[in-house]
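As the structure is a computational prediction, the values presented were derived from the model and not from experiment. Each residue takes its place number in the sequence, starting with 1.
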Amino acid sequence: MTSAPVLVVDDEQMIRWSIEQTLRAAGYEVALASSASEGLALMGQLHPGVVFLDLRLPDGHGLSLLKRIKDAGEPKPAVIVMTAFAEDCTSEEALRLGAYAYLNKPFDFYALEFLVDKAMQARSVA
């Protein structure tokens, strides 16, 4: 696949691995980060098209990282926020800050390919 890579920022190893396996099988290049700082470093190196971003990270909150991603230079990735601790106010804030989508864990891994395809398309026309 010739699209930009997908970055997964989540401190849960099994979530990172599951998303990676699902998207690699669909032909995507996938990079993994277990913390906000590691995710930021990879953002600068890879310029991903899509970022899966957990809200609760060991070194920061995902909404803070989302804001930094959206305030950074172009091109901006489509950010899919994920959490196991769903709250309406958090989902609203994530979408207000520019998240492409908000997923509650556990989620359907079979839908990930479709979601990433749509996010890549939305990013290319934005």
Side-chain angles (χ1 to χ4, degrees):
M1 188 160 284
T2 60
S3 61
V6 175
L7 174 60
V8 181
V9 183
D10 196 308
D11 59 330
E12 295 179 56
Q13 190 275 332
M14 284 306 295
I15 294 290
R16 290 191 313 268
W17 181 83
S18 298
I19 294 172
E20 176 187 30
Q21 296 305 305
T22 300
L23 295 179
R24 282 193 193 276
Y28 284 99
E29 177 185 340
V30 181
L32 306 174
S34 61
S35 66
S37 57
E38 189 179 356
L40 274 176
L42 286 172
M43 287 280 310
Q45 296 170 13
L46 301 175
H47 307 290
V50 173
V51 175
F52 281 89
L53 176 60
D54 188 26
L55 283 181
R56 293 190 181 182
L57 297 166
D59 61 346
H61 195 277
L63 290 181
S64 297
L65 184 55
L66 172 62
K67 186 167 176 14
R68 289 183 72 176
I69 291 169
K70 291 303 180 175
D71 288 344
E74 297 292 333
K76 294 188 187 329
V79 179
I80 299 167
V81 173
M82 350 175 250
T83 187
F85 306 96
E87 298 174 350
D88 288 339
C89 61
T90 306
S91 63
E92 291 168 8
E93 181 68 5
L95 295 171
R96 187 186 68 74
L97 289 172
Y100 176 78
Y102 186 92
L103 297 176
N104 292 319
K105 296 177 186 176
F107 48 82
D108 181 1
F109 284 94
Y110 295 108
L112 290 184
E113 180 181 355
F114 176 77
L115 183 58
V116 171
D117 288 345
K118 289 294 189 187
M120 289 283 191
Q121 291 172 10
R123 179 180 174 261
S124 68
V125 295

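- Using a 4.0 Å cut-off between a side-chain N of Lys or Arg and a carboxylate O of Asp or Glu, D10 and R56 do not qualify as a salt bridge.
- The minimum heavy-atom distance linking L42 with L7 is given by the pair CD1-CD1, 3.8 Å.
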Trace of the side chain to side chain contact (heavy atoms under 4.5 Å, CB included) decision for F109 with Q21: CA-CA 10 Å; F109 284 94; Q21 296 305 305; over 6 Å; no

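- For F114, the CZ atom is loosely surrounded, since the number of other residues' heavy atoms within 6.0 Å does not exceed 12.
- Under the 4.5 Å side-chain criterion, counting only non-hydrogen atoms from C-beta, L55 is not in contact with F85.
- Taken to the nearest 0.5 Å, the CD atom of E93 stands 4.5 Å off from the CG atom of L97.
- Between M82 atom CE and N104 atom CG the span is 11.5 Å, to the nearest 0.5 Å.
- Between S34 and Q13, every side-chain heavy-atom pair lies at or beyond the 4.5 Å cut-off.
- Listed here is the closest heavy atom pair of L57 and D11: CD2-N, 4.0 Å.
- The local environment of NZ in K67 is sparse, with at most 12 non-hydrogen atoms from other residues, nucleotides or ligands closer than 6.0 Å.
- For K70 (side chain) and P77 (main-chain N/O), a donor-acceptor pair under 3.5 Å exists by modelled atom type.
- Taking both residues in full, the closest heavy atoms of K76 and D71 are given as NZ-C, 4.3 Å, listed atom of the first, atom of the second, then distance.
- Residues E92 and Y102 fail the side-chain proximity criterion, which asks for heavy atoms closer than 4.5 Å.
- Taking every heavy atom of both residues into account, A94 and V81 meet most closely at CB-CG2, 4.1 Å.
- Residue L32 comes nearest to E38 through the heavy atom pair O-OE2, 3.7 Å, listed as atom of the first residue, atom of the second, then distance.
- Between A78 and Y100, the closest heavy-atom pair is CB-CB, 4.0 Å.
- Using a 4.5 Å heavy-atom threshold, the side chains of L112 and V50 count as separate.
- Considering only heavy atoms from C-beta on, L103 comes within 4.5 Å of I80 through its side chain.
- Using a 4.5 Å heavy-atom threshold, the side chains of V79 and F52 count as separate.
- For the pair L40 and R68, the minimum side-chain heavy-atom distance is below 4.5 Å.
- Counting non-hydrogen atoms of other residues, nucleotides and ligands closer than 6.0 Å to CZ of R24 gives a total above 12.
- Taking the side chain as every heavy atom from C-beta outward, M43 and V9 never approach each other to under 4.5 Å.
- Using a 3.5 Å distance cut-off with no hydrogens or angles, the side chains of S37 and D59 do pair a donor with an acceptor.
- Salt bridge status for K105 with E12: present, with a side-chain N to carboxylate O gap under 4.0 Å.
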